[in-house]
Q: 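Mind having a look at this structure? Questions to follow.
If you read the sequence from its start, that first residue is 1, and numbering goes on from there.
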Amino acid sequence: MAPKVSDSVEQLRAAGNQNFRNGQYGEASALYERALRLLQARDPEEESVLYSNRAACYLKDGNCTDCIKDCTSALALVPFSIKPLLRRASAYEALEKYSLAYVDYKTVLQIDNSVASALEGINRITRALMDSLGPEWRLKLPPIPVVPVSAQKRWSSLPSENHKETAKSKSKETTATKNRVPSAGDVERARVLKEEGNELVKKGNHKKAIEKYSESLLFSSLESATYSNRALCHLVLKQYKEAEKDCTEALKLDGKNVKAFYRRAQAYKALKDYKSSLADISSLLQIEPRNGPAHKLRQEVNQNMN
């Protein structure tokens, strides 16, 4: 017989979480239901989490309709929360409501453009929409809400344990594409998305450009320039570790990618890893001895070391 759970919201939620981890989704759902009744709307954020957690149980049990209802309730209490958006998108996708799933995945990517499950979802949904709606599929989508800056800041300020999706994103993002040879169609889609990213860079919209480059890499991760282009965006946004990682991926594909060497050197400089920065500048100058920006950057790094 299961131990009796004390009637406090915190204990009920904790017990529900434990049952969920054990795969006991019905029991977890019942515990979240008890917590919701006990809470009685005293704490909107806690209530939102409970709805989102119960939605996860419904999703695991294949009850997509109730999952969508609970996610919608969670989002009404705390708009633009990532977990209910992702869970609702998964439920819409399972019900083949691809346009609605696309909107939720794109909304997540406005909040954090490196969430792996949203990037992978966009990849799947884009294929489905192309197949079902044809080349003009984007014109047939529902409106995508604009995420306010306050919601983005709220997400970025959450404790690190709330960023599990982001922490996994870079390694997970290209696992599927690296383990298969992209088709000719995939390569073409990747090229188009990369060009869209390039146009966004020209307009100064580096955050959106990252999203396009990330989508491109989901179709094909064999283009060195896509990584080095995304690295440029990360540099502009002062995301130096991400820039360094992208340049490293670019150089694995093309060991003479001058832009990757230069941008990684910039990232290392910003991270105060001057030795690594100078090593990349040296490698670059072996390829292009007269590269003026590289000579200037080396001078700046040497000055910082003194």
Side-chain angles (χ1 to χ4, degrees), residues 43-53 55-56 59 67-93 97-126 129 137-170 172-173 193 196-197 199-218 230 233-239 242:
D43 184 341
E45 290 197 9
E46 177 69 19
E47 191 176 0
S48 177
V49 170
L50 288 168
Y51 275 119
S52 178
N53 286 2
L59 187 63
C67 173
I68 291 166
K69 288 180 182 177
D70 269 4
C71 289
T72 302
S73 296
L75 291 163
L77 291 159
V78 182
F80 304 112
S81 296
I82 284 184
K83 286 185 178 180
L85 281 168
L86 287 172
R87 288 163 185 167
R88 191 170 68 178
S90 294
Y92 280 141
E93 186 176 355
K97 296 183 178 181
Y98 298 127
S99 294
L100 294 173
Y102 185 91
V103 169
D104 276 353
Y105 284 133
K106 290 291 282 188
T107 302
V108 169
L109 292 172
Q110 287 186 67
I111 302 166
D112 185 334
N113 57 31
S114 62
V115 175
S117 54
L119 289 165
E120 292 169 355
I122 284 291
N123 180 25
R124 292 190 304 273
I125 298 300
T126 298
L129 289 169
W137 64 273
R138 290 182 187 272
L139 301 177
K140 302 173 185 178
L141 293 174
I144 298 172
V146 177
V147 178
V149 175
S150 59
Q152 298 175 34
K153 288 181 177 178
R154 185 183 75 234
W155 167 250
S156 63
S157 66
L158 288 173
S160 58
E161 61 265 22
N162 290 295
H163 290 261
K164 289 179 181 178
E165 288 288 344
T166 304
K168 297 174 185 175
S169 62
K170 294 302 178 184
K172 196 174 177 185
E173 169 189 298
L193 286 162
E196 290 179 9
E199 290 301 314
L200 287 165
V201 169
K202 291 175 185 177
K203 295 175 182 177
N205 194 339
H206 295 92
K207 190 170 183 179
K208 278 285 186 183
I210 287 175
E211 184 179 318
K212 289 295 182 183
Y213 292 137
S214 298
E215 287 185 51
S216 174
L217 289 167
L218 284 168
R230 190 170 69 173
C233 299
H234 285 309
L235 283 172
V236 172
L237 297 172
K238 298 183 179 180
Q239 298 166 346
E242 290 85 351

Q: Run the numbers on L129 and S99 for side chain to side chain contact (heavy atoms under 4.5 Å, CB included), then give the verdict.
A: CA-CA 7 Å; L129 289 169; S99 294; 3.7 Å; yes
Q: Which heavy atom of A101 sits nearest a heavy atom of A89, and at what distance?
A: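 Looking at all heavy atoms of both residues, the shortest contact is CB-O, 3.5 Å.
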Q: Can you check salt bridge (Lys or Arg N to Asp or Glu O under 4.0 Å) on R230 and E211, steps first, answer last?
A: CA-CA 9 Å; R230 190 170 69 173; E211 184 179 318; over 6 Å; no
Q: Hey, are the side chains of I122 and L119 touching, using non-hydrogen atoms and a 4.5 Å cut-off?
A: no
Q: Taking atom types as modelled and ignoring hydrogens, do the side chains of H234 and E242 form a donor-acceptor contact shorter than 3.5 angstrom?
A: no
Q: Determine, for E93 against R88, whether the closest basic-nitrogen to carboxylate-oxygen distance falls under 4.0 angstrom.
A: no
Q: Any idea which heavy atoms bring I111 and F80 closest together, and the distance?
A: CD1-O, 3.3 Å
Q: Could you check whether any side-chain heavy atom of Q110 comes within less than 4.5 Å of a side-chain heavy atom of K208, counting everything from C-beta outward?
A: yes
Q: Just so I know, are the side chains of T72 and K69 near enough to count as touching, which here means a heavy-atom distance under 4.5 Å?
A: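 No - every pair of side-chain heavy atoms lies 4.5 Å or more apart.
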Q: Out of curiosity, C233 SG to Y213 OH, how far, rounded to the nearest 0.5 Å?
A: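 So the SG of C233 and the OH of Y213 are separated by 5.0 Å.
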Q: Can any side-chain N or O of E215 pair as donor or acceptor with the backbone N or O of I210 at less than 3.5 Å?
A: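 No, E215 side chain to I210 backbone: no donor-acceptor pair under 3.5 Å.
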Q: For D104 and L100: C-alpha separation, side-chain torsions, deciding distance, then whether side chain to side chain contact (heavy atoms under 4.5 Å, CB included) applies.
A: CA-CA 7 Å; D104 276 353; L100 294 173; over 6 Å; no
Q: Is the closest side-chain heavy-atom distance between L200 and H206 below 4.5 Å?
A: no
Q: As a quick check of understanding, evaluate side chain to side chain contact (heavy atoms under 4.5 Å, CB included) for W137 and Y102, giving each step before the final call.
A: CA-CA 11 Å; W137 64 273; Y102 185 91; 3.6 Å; yes
Q: Is there a side chain to side chain contact (heavy atoms under 4.5 Å, CB included) between S81 and V78? Walk through the geometry before answering.
A: CA-CA 6 Å; S81 296; V78 182; 3.2 Å; yes
Q: Please confirm whether the backbone N or O of K212 pairs with a side-chain atom of S216, one donor and one acceptor, at under 3.5 Å?
A: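 Looks like no, no N/O pair under 3.5 Å.
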Q: Can you tell if the side chain of V103 reaches within under 4.5 Å of the side chain of P145, non-hydrogen atoms only?
A: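 A side-chain contact exists here, since the closest heavy-atom pair is under 4.5 Å.
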Q: Can you check whether L86 reaches Y105 side chain to side chain, under 4.5 Å on heavy atoms?
A: yes
Q: Side chain of S48, backbone of P44: donor and acceptor closer than 3.5 Å?
A: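 Looks like no, no N/O pair under 3.5 Å.
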